[in-house]
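Per chain, numbering begins at 1; letters A, B, ... match sequence-line order. Source: prediction; values computed, not measured.
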Number of protein chains: 2
Amino acid sequence: MNPQVTEARPRDREATRERILQAARTLFGEQGYEQVTVRMIAAAAEANIALVGRYFGSKAGLFGAVLQGEPTFSRLFDGDPETLARRLAEYAAERMRHPPDSPILRTLERSAGHPEIHEVVRERLITAVLKPLEARLSGPDAPARARMAAAVFLGIGAMRRRVGPRDPTPADVDRLTAVFEACLAG
Amino acid sequence: MNPQVTEARPRDREATRERILQAARTLFGEQGYEQVTVRMIAAAAEANIALVGRYFGSKAGLFGAVLQGEPTFSRLFDGDPETLARRLAEYAAERMRHPPDSPILRTLERSAGHPEIHEVVRERLITAVLKPLEARLSGPDAPARARMAAAVFLGIGAMRRRVGPRDPTPADVDRLTAVFEACLAG
DNA sequence: AGTTGAAGTATACGCATGTTTACTAGCCGC
DNA sequence: GCGGCTAGTAAACATGCGTATACTTCAACT
């Protein structure tokens, strides 16, 4: 009769794996794929370098695992369709000032370059952002409209990172609302 | 036996420098800062690696020289202010399908990550895009409005690179026109 | 208790990068 | 002609990367 195996074993594969995953989530979100090294992740997770390879195969595999573990944006898109544009605008306005609270968008904002993660980034952007939004749009051209709204999101983040943060004003939110309404208009 | 296939090039500091610059312009625009190596640039320019360091100090210095040499977007912004949004929309719609014709935007679209070029990217984005557009806007909040329009540009490019190209439809152009009108509305 | 297998470790491999050094050779003014 | 400045070259340097290997340690099960 075993006691519960879930608690505080000194050697715990699952816990170590989780520490690595969590460290990677944080670091990738903060600095993007290429700026973060496997050694940094291992150090932050207080795990040995070789374990990263052992549990995730490769750096790209770990990156994929991070992205797969992130939730979609369905919550943001849920609610009254009439006020969807406004909610998106408020969220985007906050993105002028601060990086996304969600690691997934932080990670997607950065890490454009590397070819080896291109596919997983693309897949995750589609399933976590485009498809959920698209599903909530009525009328024609839903994919195109969702894509354009997502483009605005990415663009806002790109400007913040490249030019600098900006405190969103009420006028900014109004403008963004109009922008998203234009994006989503059927 | 062949006589020399490659005819000797006269020694010309300025011409060599220009070849390197031109090769860098092309490669950075095609692949972004971090994907391009100094050796690739030297090979494309048919110049020795060391000359890159000699003439431009460093890879980042060369990148800065490329960006400094690019024209601004004033031409796109000139013309009837009434139809500015439409012109921007047509340009942006083309960006859904193809990378920018101008190396500067291609370069700015990519190369987000590297800290060592952050400053020159920022500076160039401001002086080549934001300021010229801002100068053509009347009414309040011109910087904020220009910034938002620029964000849409960057976002469109980001979506093309990450998700894939899209053939813009007339409806896309209409939507984008409305988006830019919302961005630029005073 | 002793064996065993996996978790964890230390270290090195192979490679690519940006950069620098020591050298060669061609052009120009004399 | 020729000497010297300098464009151009070849090679190495130093570093950091992701990954792989061989070893050690420890906990669980017979």
Calculate the interatomic distance between [X] atom [atom1] and [N] atom [atom2]; express it in whole Å.
{"X": "A:E14", "N": "C:dA7", "atom1": "CD", "atom2": "C1'", "result": "13 Å"}
{"X": "A:E34", "N": "C:dG18", "atom1": "CD", "atom2": "P", "result": "14 Å"}
{"X": "B:R11", "N": "D:dT9", "atom1": "CZ", "atom2": "C1'", "result": "10 Å"}
{"X": "A:E18", "N": "C:dA7", "atom1": "CD", "atom2": "C1'", "result": "17 Å"}
{"X": "B:H114", "N": "D:dC17", "atom1": "NE2", "atom2": "P", "result": "11 Å"}
{"X": "A:F56", "N": "D:dA20", "atom1": "CZ", "atom2": "C1'", "result": "18 Å"}
{"X": "B:N48", "N": "C:dT20", "atom1": "CG", "atom2": "P", "result": "14 Å"}
{"X": "A:E46", "N": "C:dG8", "atom1": "CD", "atom2": "P", "result": "13 Å"}

What I'd like to find out is whether the side chain of B:M159 reaches to under 4.5 Å of the side chain of B:R95, using heavy atoms alone. no
Five-pair end axes of the helix from C:dA1-D:dT30 to C:dC30-D:dG1, angle between them (10°): 10°
For B:E116, enumerate each residue passing the salt bridge (Lys or Arg N to Asp or Glu O under 4.0 Å) test, keeping only those at least two apart in sequence or located in another chain. none
Starting the side chain at C-beta, find the nucleotide from D:dA7, C:dT9, D:dT19 nearest to B:R54. D:dA7
Among the nucleotides C:dG8, D:dT9, C:dT19, which one has an atom lying closest to any side-chain atom of B:A50? D:dT9
CD1 of B:I117 to OG of B:S58: how many Å apart, nearest 0.5 Å? 11.0 Å
Rounded to the nearest 0.5 Å, the NZ atom of B:K131 sits from the CZ atom of B:F77 at a distance of 13.0 Å
Would you list the pairs meeting side-chain hydrogen bond (donor to acceptor under 3.5 Å, both in side chains) in which at least one residue belongs to residues 73-88 of chain B, sequence neighbours left out? B:T72-B:S74, B:D78-B:R136, B:T83-B:R87, B:R86-B:D174, B:R86-B:T177
Check whether any side-chain nitrogen or oxygen of [X] sits under 4.0 Å from OP1 or OP2 of [N], and answer yes or no.
{"X": "A:T16", "N": "C:dG8", "answer": "yes"}
{"X": "A:Y55", "N": "C:dG8", "answer": "yes"}
{"X": "B:R13", "N": "D:dA7", "answer": "yes"}

Residues B:D12 and B:R17 bridged, charged N to O under 4.0 Å: no
Would you tabulate the side-chain donor-acceptor contacts of residues 144-158 of chain A under 3.5 Å, counting partners in other chains and residues two or more places apart, or write 'none'?
from	atom 1	to	atom 2	distance (Å)
A:R145	NE	A:L184	O	2.7
A:R145	NE	A:A185	O	3.4
A:R145	NH1	A:S138	O	3.0
A:R145	NH1	A:P140	O	2.5
A:R145	NH2	A:S138	O	2.8
A:R145	NH2	A:L184	O	2.8
A:R147	NH1	B:G164	O	3.2
A:R147	NH2	B:G164	O	2.7

Which residues satisfy the side chain to side chain contact (heavy atoms under 4.5 Å, CB included) test with B:A50, sequence neighbours excluded? B:N48
For a side-chain hydrogen bond (donor to acceptor under 3.5 Å, both in side chains) with B:Q22, tell me which candidate from B:E18, B:R25, B:R19 qualifies. B:R25
Counting only non-hydrogen atoms, which of residues 35-43 of chain A are less than 4.0 Å from DNA chain C? A:R39
